[in-house]
Protein chains: 2
Amino acid sequence: MQKMSKIKKDTCRFILSLDIGGANTKVSLLKLDLEEYIKKSEDNLISSYKNILSSSTHVYSDIQFFPFWDRKTEDFNHVLKEIKTEIEKIITDDNNNRLQPNYHVVVTVTAELSDAFYTKKEGIVTICDSLRKVFNESEVRFINVHGNFIKITDAIEDYLSVSASNWVSTSLVLGEREKLGILLDMGSTTLDLIPIKDGIPVTIGKNDVDRLLNYELFYTGILRPPVSTVAYNVPFRNSLCPMSFEEFALMADVYLILGEISEEQYTCDTVDGRGKDLQNCYARLSRIICGDPDMITREELDQIAHDLYIKQKELVKDAITRAIDKFIRRFIVPKSRLRFNITGLGAKILLEPALKELGIKEKQIFICELSEIEHIVSTAICLGVVYLKSLVDHFLYERDALIKKEQNDNVKEE
Amino acid sequence: MQKMSKIKKDTCRFILSLDIGGANTKVSLLKLDLEEYIKKSEDNLISSYKNILSSSTHVYSDIQFFPFWDRKTEDFNHVLKEIKTEIEKIITDDNNNRLQPNYHVVVTVTAELSDAFYTKKEGIVTICDSLRKVFNESEVRFINVHGNFIKITDAIEDYLSVSASNWVSTSLVLGEREKLGILLDMGSTTLDLIPIKDGIPVTIGKNDVDRLLNYELFYTGILRPPVSTVAYNVPFRNSLCPMSFEEFALMADVYLILGEISEEQYTCDTVDGRGKDLQNCYARLSRIICGDPDMITREELDQIAHDLYIKQKELVKDAITRAIDKFIRRFIVPKSRLRFNITGLGAKILLEPALKELGIKEKQIFICELSEIEHIVSTAICLGVVYLKSLVDHFLYERDALIKKEQNDNVKEE
């Protein structure tokens, strides 16, 4: 019995997840007591993301603004240091200062695509250098596009396998609930279209280029696309008016005008540095046809906003149609059997109506709703959960081995 | 004879023209000796822009970078002060320090559209304030969209008539050569499509919104449009690859790759702050499908660049077709009788092939070639020429009146 007590010590695990994007680094700190988790789920010892997500505590989350293209990329370690200081304080408080703060660091990156870096390789190497300077290298793992966790040295070696890996953990966690279908995750910037079979993502593309080519990634979102990338013209005074290509307004302005998002949900910067209030959104939108708020009425701008929404929906419908066609051809299933898990800021705004217009039945659509903060750091949370599952699985494996060994020993002693 | 000698004094005129855009203020200083001009053109005393352009001396030109959206707009007078200092030195040198520097200031503006200003009115007022602080207000004139020169107070009063007036002087000067047709001026940012009848611009739109609606302004150019505003996808590995909307590459990168422009002609900023060399242009273009220069070959990028050129040409062809249709309906002339004066950086690159593909005959197309610096400050030069013509006309009118009066006096004396 001596031996059993050993594994009861320090069964708490803290996971710091970093979702390092080109503009923001999203941070999540999860805590799971392995022993508690196992006690609670005695009936069903097979670990699942769902169980782990509901059993772990989301201790802390944060967003650090660090636009790589606008800073010295080497300075990224200052951001990491701040994060480190903050979470070590939290962990130390949590264990009543009894122990050294102990935690794992898991990382997913998309920042390497930023044009701050000449190549993706340069991006991964720079970020790894910063991570090494700040954290204990042996505790740092990158998730790769195959869903495995690899060390920093391996991440540098196989930099393409960790590039643009932000969709992996989300699709593992959310896909688990799905037998057969497509996970659609539309955020501020992009739409992920992840084919799922037997709860596992079965994507073809393993880098962004191939994901674009295979309609597993579609580059449009609810907030950041300039309206000039969604349409060439808008209806205006009984005519179609060609637009300016200048970055005068974003889709965030459009959705705020349409009442689909709040000012709080407008989390990206405005293009003119002015406020996110309705009046300024209207002013920005008026400039896309070289007008100003004096020249164009709100009713006219409402119509323009609605039309831009329709046009973005058409783009999204086209992408979804291609993703469905690919899926049906690959797995030889009728469209009516497909299930669609939709999530992200765009789930209700764009994905649900788009799917319905494509003839998808209500019963095939499942909305995965997250709280606002979960939305924003959802990738970081999912990343933590995926890593926790690997720890739990390992813990269970070792525990079973130990129990078996003890039983064997007992048998021998008897 | 005493009286005649009076008008011989100080017949030199200096015109400082300012083309105040959102990012750059383009400066041109023209000099014309009225007496000399009249002597030379004795045979044909009817002044023409062409004669004035060839008789005047282009003393000085300059481009001042002042991105209104990135600065305190009130600081614009510092730019004007620098210009003032420079040109007054030139004028004083020119007249051997004998006279006070004497010159007219003529202004055309597009900067009011910048989202540095909440409304166009705010833009015009701010710019007028700066002009007043620096120059002698009585010498300053704005050109309005009707081709008239108005004082600062009137410009503020009727701010819409001076907004986006940069096409007016160019179309007056270049249109003069044209009996019936369309002047196409494609620069770094926009394409002007100006209907001309009997040498005079007969545009319908008098502000940018109406010009867009009437296809007299089309917002695409050779340098500044992000490629994501020209197409939604590009051919790649036997497929069509949807693009990222991020501002990863401009059409300037495309045309440099295609060998259509030189690094010197790439006069706008690069999006990543790197060089304008071929290698960096390729790198930027590779990012539009989320790649990098390691992942995508130059041959593939050449194909993408060519396709983007084709797609921009299609957009331009569509705009020209609509402009032609409008013209034909308005003036009831067959398409075969229309003449096309084409100018600007895009004349040979895009406009000429676009027109030919639209079935326009070679003999209907006239290319107006300018030297490189003339290209860039062409609006400022044309503005100066238009103002000079009004001075010449006034001078001729007064001279004729004086001569007649003297003849009458002589008759009486006799």
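Order of the sequence lines fixes the chain letters, A, B, ..., with proteins taken first and strands second; residue numbering starts at 1 for each chain. Everything quoted here is computed from the prediction, not taken from an experiment.
- Formation of a donor-acceptor pair under 3.5 Å by the B:Tyr232 side chain with backbone atoms of A:Ala231 is found in this model.
- In this structure, chain B has a heavy atom under 4.5 Å from the backbone of A:Leu240, while its side chain stays farther away.
- Classification of the A:Tyr219-B:Phe245 ring pair by plane angle, with boundaries at 30° and 60°, yields perpendicular.
- Proximity to chain B (any heavy atom under 4.5 Å) is shown, for A:Asn214, by neither the backbone nor the side chain.
- Between the side chain of A:Arg237 and the backbone N or O of B:Asp210, no donor-acceptor pair lies under 3.5 Å.
- For B:Ala319, no part lies under 4.5 angstrom from a heavy atom of chain A.
- The most heavy-atom pairs under 4.5 Å with chain A, out of B:Thr189, B:Asn233, B:Leu160, come from B:Thr189.
- The candidate with the highest count of non-hydrogen atom pairs below 4.5 Å against chain A, out of B:Pro226, B:Ser228, B:Ala283, B:Pro225, is B:Pro225.
- Proximity to chain B is limited to the backbone of A:Val230, based on heavy atoms less than 4.5 angstrom apart.
- Most heavy-atom pairs under 4.5 Å with chain A: of the set B:Asp115, B:Leu212, B:Thr229, B:Leu113, this distinction falls to B:Asp115.
- Put simply, CG on A:Leu213 and CG on B:Asn238 are 10.0 Å apart, with the number rounded to the nearest 0.5 Å.
- Residues of residues 272-282 of chain B lying under 4.5 angstrom from chain A, judged on non-hydrogen atoms, are B:Asp272, B:Arg274, B:Gln279, B:Asn280 by number.
- Nearest approach of A:Cys290 to B:Val209, heavy atoms of both residues: O-CG2, 3.6 Å.
- Note: B:Thr119 leads B:Thr220, B:Asp208, B:Thr119, B:Asp294 in heavy-atom pairs under 4.5 Å with chain A.
- Interface remark: of the candidates B:Glu246, B:Lys121, B:Arg284, B:Glu246 forms the most heavy-atom pairs closer than 4.5 Å to chain A.
- At a 4.5 Å heavy-atom cutoff, the contact between A:Phe117 and chain B is made by backbone atoms alone.
- Interface remark: A:Met295 contributes side-chain atoms only to the contact with chain B (heavy atom separation under 4.5 Å).
- Counting heavy-atom pairs closer than 4.5 Å to chain B, the top-ranked of the candidates A:Trp69, A:Phe218, A:Phe248 is A:Phe248.
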